[in-house]
Peer 1: 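Before anything else, here's the structure in question.
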Amino acid sequence: MSKENIHVVPRDGRWAVVRERAERDSSHHDTQADAIDAARETAQREGVELFIHRPDGRIRDRDTHGHDPYPPRG
């Protein structure tokens, strides 16, 4: 089974952590920062991508955890 990416999305005035293709949210948080912290911890542990959405639903940021096929050049 492939690992599913994680999204932080607005949900009913709060913020939810959601795994792709999941039927239910993983967790709910009062602030986006709390949701990001929870999601980032899981994404790092599982080596998946984290997508952070704006209040309007558009993606504002993404973080790659685990193997990055296009790492930054320094």
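Since this is a predicted model, take the numbers as computed values, not measurements.
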Peer 1: List the residues meeting side chain to side chain donor-acceptor pair (under 3.5 Å) with D25, not counting sequence neighbours, and say none if there are none.
Peer 2: R11, H28
Peer 1: Please go through F51's hydrophobic cluster and name the other residues, only I, L, V, M, F, W, Y counting, with side-chain heavy atoms under 4.5 Å joining them.
Peer 2: I59
Peer 1: Roughly how far apart are R40 CZ and R45 CZ, rounded to 0.5 Å?
Peer 2: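 Atom-to-atom, R40:CZ and R45:CZ are 14.0 Å apart.
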Peer 1: Taking ILVMFWY side chains as joined if any heavy atoms are under 4.5 angstrom apart, and letting links pass through other members, which residues group with V18?
Peer 2: V9
Peer 1: Kindly give the cluster partners of I52, where membership spreads through any ILVMFWY side chain lying under 4.5 Å from a current member.
Peer 2: I6, V8, W15, V17, I36, V48, L50
Peer 1: Find out whether R19 and R24 are in side-chain contact, i.e. whether some heavy atom of one side chain is under 4.5 Å from a heavy atom of the other.
Peer 2: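 They are not in side-chain contact.
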Peer 1: Could you pull out all residues at least two apart from H53 that satisfy ring pair (Phe, Tyr, Trp, His ring centres under 6.0 Å)?
Peer 2: H7
Peer 1: If you compare all heavy atoms of P10 against all heavy atoms of P55, which two are closest, and at what distance to 0.1 Å?
Peer 2: CG-O, 3.4 Å
Peer 1: Considering only NZ, NE, NH1 and NH2 on the basic side and carboxylate oxygens on the acidic side, decide whether R21 and E4 come within less than 4.0 Å.
Peer 2: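 Salt bridge present between R21 and E4.
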Peer 1: Give the intermediate values and the outcome of side chain to side chain donor-acceptor pair (under 3.5 Å) for residues T31 and H29.
Peer 2: CA-CA 6 Å; T31 67; H29 304 270; over 6 Å; no
Peer 1: Output all residues satisfying side chain to side chain contact (heavy atoms under 4.5 Å, CB included) with R58, sequence neighbours left out; order by chain, then residue number.
Peer 2: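 Side chain to side chain contact (heavy atoms under 4.5 Å, CB included) list for R58, sorted by chain: R54, D56.
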Peer 1: Does a side-chain N-to-carboxylate-O contact under 4.0 Å join E49 and K3?
Peer 2: no
Peer 1: I'd like to know whether CD of E41 has more than 12 heavy-atom contacts from other residues, nucleotides or ligands below 6.0 angstrom.
Peer 2: no
